[in-house]
J.: 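My structure is below; once you've seen it, I'll send some questions.
Any value given below was found using the heavy atoms of this structure, including those in side chains, with hydrogens, waters and symmetry copies removed.
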Amino acid sequence: MVRSCPDAPVLLSEPVEWSVELRYFVLEGRVIAGSPYLSYGRPAWRRTDASGPLPTAGRPLVEQLCADMKDRLPPVFVADVGLIEDRGWAVVEFNPVWSAGLLNADPGAVLPALQRASRRRTELTDDDRRWDLPK
């Protein structure tokens with residue numbers, strides 16, 4: 001694997017057990033869709049019509065991250081967050097929206113994020129260009 005920025009910091013953590021993990025789709029700093037993901041390492045979502053409510057438990061963490069890091073986050077991304085027993089909520093990982101599974105998120109709500117992340121290079125704004133990695 002080639003790192004896009006060799007000087008980027010690498011974060012390390014001791015092993016933890018996530019009691020629950022949730023996935024949130026973010027567009028322009030706003031949570032637009034989400035889904036349960038895992039519960040104690042087992043799938044916590046079921047294939048349905050995705051009409052269930054947006055999970056709210058981890059949403060405040062994602063919204064706070066968006067507010068605190070608004071100039072350092074891409075315009076579209078997926079945040080997986082989880083609850084660590086006796087520690088609280090934490091970020092599991094960030095992912096590109098185009099490579100994250102929907103799980104049980106509403107596909108119609110996710111579509112604008114996919115469209116925003118799939119612009120042609122000729123359509124990118126100056127701000128977008130900092131997130132565009134060369135081939």
J.: With sequence neighbours excluded, what pairs up with R120 under the side chain to side chain donor-acceptor pair (under 3.5 Å) test?
T.: none

J.: If you look at every heavy atom in R59 and V31, which pair is closest and at what distance?
T.: NH2-O, 3.6 Å

J.: If you link I, L, V, M, F, W and Y whenever their side-chain heavy atoms are under 4.5 Å apart, who else ends up in the same group as Y37?
T.: L38, W45, L103

J.: Around atom CG of D68, are there more than 12 heavy atoms from other residues, nucleotides or ligands closer than 6.0 Å?
T.: yes

J.: Quick check for you: to the nearest 0.5 Å, what is the distance between W18 atom CH2 and S39 atom OG?
T.: 13.5 Å

J.: Flag yes if V91 and L73 sit in one hydrophobic cluster, no otherwise; membership is Ile, Leu, Val, Met, Phe, Trp, Tyr, and two members link when side-chain heavy atoms are under 4.5 Å apart.
T.: yes

J.: Which pair of non-hydrogen atoms, one from A33 and one from A109, has the smallest distance, and what is that distance?
T.: CB-CB, 3.9 Å

J.: Quick one: closest heavy-atom pair of S35 and A105, and the distance?
T.: CB-N, 3.6 Å

J.: Which pairs count as ring pair (Phe, Tyr, Trp, His ring centres under 6.0 Å) when at least one residue sits in residues 62-88, sequence neighbours excluded?
T.: F77-F94

J.: If a pair satisfies ring pair (Phe, Tyr, Trp, His ring centres under 6.0 Å) and one of its residues is in residues 108-135, list it, with sequence neighbours excluded.
T.: none

J.: Atom CG in L124, atom CZ in R130: separation rounded to 0.5 Å?
T.: 13.0 Å

J.: Is it true that V92 and M69 fall in one hydrophobic cluster, defined by side-chain heavy atoms closer than 4.5 Å?
T.: no

J.: Any chance you could pull the hydrophobic cluster mates of V97, using side-chain heavy atoms under 4.5 angstrom and chaining through other members?
T.: F25, L27, I32, V76, V78, W98, L102, V110, L114

J.: Which salt bridge (Lys or Arg N to Asp or Glu O under 4.0 Å) pairs, counting each pair once, include a residue from residues 9-21, with sequence neighbours left out?
T.: E14-R87

J.: State, to 0.1 Å, how close G29 and C66 come at their nearest heavy-atom pair, and which atoms those are.
T.: O-CB, 3.6 Å

J.: Please check this pair: side chain of T125 against backbone of D128, looking for a donor-acceptor N/O pair closer than 3.5 Å.
T.: yes

J.: Could you pull out the closest heavy-atom pair between L83 and G88, with the gap in Å?
T.: CD1-C, 3.5 Å

J.: If we check side-chain contact (heavy atoms from CB on, under 4.5 Å) with R23, which of these qualifies: D80, N104, V62, V81?
T.: D80

J.: Considering all heavy atoms of both residues, which atom of L22 and which atom of G58 are nearest to each other, and what is their separation?
T.: CD1-N, 3.5 Å

J.: If only side-chain N and O atoms count, and only distance matters, is there a donor-acceptor pair under 3.5 Å linking Y40 with E85?
T.: yes

J.: Does CZ in R119 sit with more than 12 non-hydrogen atoms of other residues, nucleotides or ligands closer than 6.0 Å?
T.: yes

J.: Is a salt bridge present between R129 and D126, judged by a nitrogen-to-oxygen distance below 4.0 Å?
T.: yes

J.: Quick check: do L12 and V10 have side-chain heavy atoms less than 4.5 Å from each other?
T.: yes

